[in-house]
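These notes are about the structure you will find just below.
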Amino acid sequence: MQIIRKIDPLRDALGKLRQEKSNLGLVPTMGALHAGHMHLVETAMAQCDAVVVSIFVNPTQFGEGEDLDAYPRQEAADAALLEAAGVDLIWAPTVDQVYPDGFATNVSVSGVSTGLCGGSRPGHFDGVATVVAKLFNQIRPDAAFFGEKDYQQLAVIRRMARDLDFTHDIVGVPTVRDADGVALSSRNAYLTPEQRGQAVALPDTMRDAAEAIGKGGDIASILSDANEKLLASGFHEVDYFELRNAETLENITIFEEPARLLAAAHIGSTRLIDNIAVT
């Protein structure tokens, strides 16, 4: 397995890889890999002849006061996991390789980026769309794999890929959860043991709300009750707890499939996000 940090060696390595393998998968990450990331890697390896994993903590998707400096970085441990899994290449560029001096281009996706995390983290999805577009151009994969846990991000990337004529597959992979239902996230490492125990209220509340909506309950009341339940369970702030169309992410007030519940809430210094299908 190769670890490459500069563009020219990357192009050389990809050229050789494509001579040997006909189908190339990309798994973009910011490192600090956990079982959820490895499930993405396993899915990519099952569908592709070769797999590239990118590790890049993208500064442009972090807002002022967010955790860019504190974001966990553990490249050696990540590389050991990926090598054991059989990954062909790690693309771990330096910041200047992604954003060279004078870089002045921004990719902005309207519609699906509105509200939810786009509302509470202004500019976040511009940073995501820009770096992912660059990764697509740098790697030129046949398929790229993203977790459904970041559901709005997945919707943004799918919209961008359609609009900018990227022809490879965008594969959404179901959320991986701990035994108690909490979605796996690199930011879970920030939680104290007490907060980790309280965090289970997020998936539990989402599951109960989804079931109640699916049975025809009053949506506004269910969402309001869910907010109160989270605040009573140890979360000190709820950014959003909303029902959206699963494809367009437009707000809906009458339950019609496909629908998705999406939530973001703060516990201690950590912001957790989650989502669940409503059926």
Is there a side-chain hydrogen bond (donor to acceptor under 3.5 Å, both in side chains) between Asn106 and Ser108? Walk through the geometry before answering.
CA-CA 6 Å; Asn106 185 59; Ser108 183; 4.9 Å; no
Assess whether salt bridge (charged side-chain N to carboxylate O under 4.0 Å, His left out) is satisfied between Arg260 and Glu148, documenting all intermediate values.
CA-CA 11 Å; Arg260 202 94 183 177; Glu148 288 186 353; 3.4 Å; yes
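Between the CG atom in Leu135 and the CZ atom in Arg140 there is a gap of 12.5 Å [rounded to 0.5 Å]. Rounding to the nearest 0.5 angstrom, the gap separating the CG atom in Asp78 from the NE2 atom in His37 is 8.0 Å. If you take OG1 on Thr253 and CG on Leu243, they are separated by 9.0 Å, rounding to the nearest 0.5 Å. Residue Leu40 holds its CG atom at 8.5 Å from NE2 of His34, rounded to the nearest 0.5 Å. Rounded to the nearest 0.5 Å, atoms SG (Cys48) and CG (Asp142) are 7.0 Å apart. Interatomic distance, Thr29 OG1 to Ile55 CD1, rounded to the nearest 0.5 Å: 5.0 Å.
Results of the side chain to side chain contact (heavy atoms under 4.5 Å, CB included) test with Val112 over Val156, Ile157, Leu154 single out Val156 as the only residue that passes. Of the candidates Arg158, Arg159, Met160, Arg162, Ile170 forms a side chain to side chain contact (heavy atoms under 4.5 Å, CB included) with just one, namely Arg158.
Judged as a ring pair (Phe, Tyr, Trp, His ring centres under 6.0 Å), not a single pair has a partner in residues 176-221 (not counting sequence neighbours). Pairs engaging residues 263-272 under the salt bridge (charged side-chain N to carboxylate O under 4.0 Å, His left out) rule: Asp239-Arg271 [sequence neighbours left out]. Identified under the side-chain hydrogen bond (donor to acceptor under 3.5 Å, both in side chains) test for residues 198-210, with sequence neighbours left out: Asp204-Arg207.
Under the 3.5 Å distance criterion, with hydrogens and angles disregarded, no donor-acceptor pair is assigned to the side chains of Arg196 and Asn188.
Note: His266 and His236 have tilted aromatic rings, judged against thresholds of 30 and 60 degrees for the angle between ring planes. The aromatic rings of Tyr99 and Phe103 stand perpendicular to each other, their planes meeting at an angle above 60°, with 30° marking the opposite boundary.
Comment: Lys16 does not engage Glu20 in a salt bridge, judged by the lack of any side-chain N to carboxylate O separation of less than 4.0 angstrom.
Counting only distance, with no hydrogens or angles, the side chain of Asp67 and the backbone of Ala70 share no donor-acceptor pair below 3.5 Å. The backbone N or O of Val98 sits less than 3.5 Å from a side-chain atom of Lys134, completing a donor-acceptor pair.
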